[in-house]
Amino acid sequence: SNTAVTWSINPSVGTISSAGLYTAPSSILTSQTVTVTAQSVADPTKSAGALVSLSTPTLNTVTFSATADAVVNPERGFAQGWDILAWDPVGERSNGRSIIRGFVNLAAYLTIPLDQPLLSSLDTGLARVRAAHLKTTLRFKYNDGETYPVCPVASESLILQHIASLAPILLKYEDIILSQELGFLGCWGESDMASGEDINEESDIVTAMLNALPSRFVQLRTPNDKAAMFSAPNPMTAAVAFTSANRSRVGHYNDCILSSDDGQDFTYPWGAIAFWTNYVTTETQWTPMGGETCGDQAVRSYCTSAGGQAQNVLRQYHFSSINNGGAVEDDWQTQGCYNEIGSNLGYRFVLNTASYSQTPVVGGLLHVDVNLTNNGYAAPFNPRPVYAVIDGNGQRYNQLLSGIDPRFWGSGQTIKFSVDIPLSASITAGTYRLSLWLPDPAVNLSADPLYSIRMANQGIWDATNGFNVITQTLFISTH
């Protein structure tokens with residue numbers, strides 16, 4: 001007789017094999033019952049069923065306390081302007097800063113190719129940045145504004161040749177290059193179009209810079225230039241962000257932010273300030289925004305407690321970095337918002353809660369729920385992996401949390417994610433530590449805790465390893 005049966009499940013939660021082996025899903029949101037049915041092939045009116053009860057895992061939940069202390073995190077904060085060729089930034093970490101704003105003056109090469117002494121000096125300068133455990137933005141310029149508003153710059157063909165000569169060194173130090181500013185054109189390298197270049201020339205130079213350092217953004221001073229070079233009159237959307245398209249890799253900066261009460265700030269086109277403000281504030285959700293202030297003549301530059309708009313504007317524009325000194329910054333010190341701004345430039349992640357399986361077993365799954373908030377002005381804009389780390393008993397397991405991307409942890413947002421971490425069958429039963437680890441993706445920086453992201457919480461930071469510790473008492477059993 002024909003004893004074959006067809007297997008099915010209802011509802012469709014988990015899987016059933018042709019041999020009748022039911023496999024539950026790796027995780028479920030609510031407890032539920034699944035009916036497993038065997039139906040006769042010879043007589044479909046005959047069937048039998050069994051019930052399988054699925055239960056959500058029992059979780060331990062940890063609630064964390066935020067800290068108001070300053071947290072020196074990578075790729076964000078106040079930045080000192082720096083002559084990369086001449087100065088050693090070895091003391092910047094002790095000043096509570098993780099980045100500098102690097103400048104390279106090429107005035108001696110207005111009409112000639114870059115020579116080996118210049119390239120060697122740049123190599124040495126960037127090596128000093130790496131040795132100081134910092135990162136730097138880079139701007140190459142041919143003048144310091146001595147003849148403003150019209151300043152000497154090299155020809156387009158020579159600029160492109162200079163970029164080609166710089167490319168090998170940029171690639172060598174891409175791990176500690178935070179971003180590139182367009183530079184090369186205009187007074188101070190601010191590409192202000194006053195020196196006769198056109199949008200096609202600027203576009204060629206931007207493309208060359210993007211190609212020279214494919215992993216990093218190029219930042220522009222004027223957003224209308226970006227709109228023109230990519231024929232994109234409206235700001236890009238999240239769907240374009242962090243793709244391979246050149247448009248997605250061009251960000252913004254403003255070297256006169258807060259300088260006028262109307263928001264024009266010596267940057268945005270007259271008569272369309274609101275439009276271009278919206279253009280920049282939309283795009284900087286997914287691109288870098290930095291720059292500097294250039295005078296405290298506008299009340300808007302004051303702290304909000306003094307009737308100004310400083311914190312609100314920096315949050316609106318998603319500033320990740322700004323100059324650490326000047327008249328405006330002196331006002332912030334006097335008016336009492338300097339430390340607040342320093343804490344909130346870029347990202348400031350605060351762990352709210354984390355839950356994890358109460359009884360994980362060797363060879364099974366460890367379920368983890370994370371709830372955190374970004375209280376900073378911006379999200380990270382360079383790639384940043386997220387790992388769950390289980391360590392103890394002489395063992396360490398790093399589990400990359402695929403699909404978790406901090407670049408989309410926007411300002412003011414609360415982020416929730418859940419993961420199921422496979423526990424190796426070779427792990428020894430015992431008590432472990434469970435942590436979140438957000439290291440630098442560069443192989444030579446990933447083990448350096450100074451380049452790992454620290455949550456703004458009390459009592460969870462492992463400064464030796466760069467871990468944010470969720471619990472010290474994760475017990476993994478054999479059954």
Side-chain angles (χ1 to χ4, degrees), residues 1-62 238-239 243 352-372 385-393 395-405 408-409 414-436 470-471 473-479:
S1 62
N2 184 356
T3 61
V5 296
T6 301
W7 294 95
S8 63
I9 55 175
N10 185 41
S12 184
V13 177
T15 60
I16 189 80
S17 73
S18 59
L21 176 64
Y22 175 73
T23 302
S26 60
S27 63
I28 54 174
L29 298 177
T30 58
S31 297
Q32 56 193 292
T33 300
V34 176
T35 301
V36 178
T37 301
Q39 185 179 47
S40 171
V41 173
D43 184 357
T45 64
K46 302 291 180 62
S47 64
L51 297 179
V52 178
S53 295
L54 303 178
S55 300
T56 55
T58 303
L59 302 177
N60 290 329
T61 298
V62 183
T243 65
N352 301 317
T353 61
S355 302
Y356 58 93
S357 302
Q358 191 175 84
T359 55
V361 297
V362 173
L365 292 173
L366 171 65
H367 183 81
V368 180
D369 298 325
V370 174
N371 180 305
L372 62 88
V386 181
Y387 289 88
V389 178
I390 299 169
D391 71 318
N393 304 307
Q395 301 177 76
R396 172 173 165 177
Y397 302 89
N398 301 331
Q399 177 65 50
L400 176 66
L401 304 185
S402 300
I404 308 297
D405 191 342
F408 289 102
W409 297 355
T414 293
I415 297 92
K416 301 177 183 180
F417 60 86
S418 299
V419 294
D420 289 295
I421 300 167
L423 299 175
S424 170
S426 63
I427 192 171
T428 304
T431 301
Y432 291 84
R433 186 171 63 164
L434 173 64
S435 305
L436 282 179
I470 292 174
T471 180
T473 55
L474 172 70
F475 181 71
I476 300 174
S477 64
T478 55
H479 61 276

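Worth saying up front: this structure is predicted, and the values here are computed from it rather than measured. Computation of the quantities below employed the complete heavy-atom set of this structure, encompassing side-chain atoms and omitting hydrogens, waters and symmetry-equivalent molecules.
A pairwise comparison of heavy atoms in N2 and A4 identifies OD1-N, 3.0 Å as the closest pair. Considering every non-hydrogen atom in both I427 and S424, the closest pair reads CG2-O, 3.0 Å. Nearest heavy-atom pair across P360 and S357 is CD-O, 3.3 Å. Residues S31 and S55 approach most closely at OG-CA, 3.5 Å, considering heavy atoms. The two atoms that bring T61 and T353 nearest to each other are CG2-CB, 4.4 Å, heavy atoms only. Considering all non-hydrogen atoms of both residues, T473 and T471 come closest at N-OG1, 3.0 Å.
Going from atom OG1 of T37 over to atom CD1 of I16 covers 9.5 Å, rounded to the nearest 0.5 Å. Of the inter-residue distances, the one linking T58 atom OG1 with N60 atom CG reads 9.0 Å to the nearest 0.5 angstrom. Atom CG in N371 sits 8.5 Å away from atom CD1 in I415 (nearest 0.5 Å). The distance from the CG atom of N352 to the CG atom of L372 is 7.0 Å, given to the nearest 0.5 Å. Interatomic distance, L366 CG to D420 CG, rounded to the nearest 0.5 Å: 8.0 Å. Atom CG of L59 sits about 8.0 Å away from atom CD of Q358, to the nearest 0.5 Å.
Contact check for V368 versus S418: no side-chain heavy atoms found under the 4.5 Å cut-off. Proximity of H367 to S355: side-chain heavy atoms (C-beta onward) are nowhere separated by under 4.5 Å. A 4.5 Å side-chain heavy-atom check between T428 and N393 finds every atom pair outside the cut-off. At least one side-chain heavy atom of L54 sits under 4.5 Å from a side-chain heavy atom of V34. Inter-residue side-chain proximity for N398 and L400 is flagged as unmet; no heavy-atom pair is nearer than 4.5 Å.
Ring geometry for W409 against F417 counts as parallel: the plane angle stays under 30°, on a 0 to 90° scale with 60° as the upper cut.
With Y356 as the partner, the side chain to side chain contact (heavy atoms under 4.5 Å, CB included) test is satisfied by one option alone out of L434, D369, I421: L434.
The ring pair (Phe, Tyr, Trp, His ring centres under 6.0 Å) search around Y387 returns W437, not counting sequence neighbours.
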Q: Given side-chain contact (heavy atoms from CB on, under 4.5 Å), test V362 with I476 step by step and report yes or no.
A: CA-CA 6 Å; V362 173; I476 300 174; 3.9 Å; yes
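In this model, a donor atom of one side chain and an acceptor atom of the other lie less than 3.5 Å apart for Q395 and Y397.
Listed for the Q39 side chain is a donor-acceptor partner under 3.5 Å among the backbone atoms of P44.
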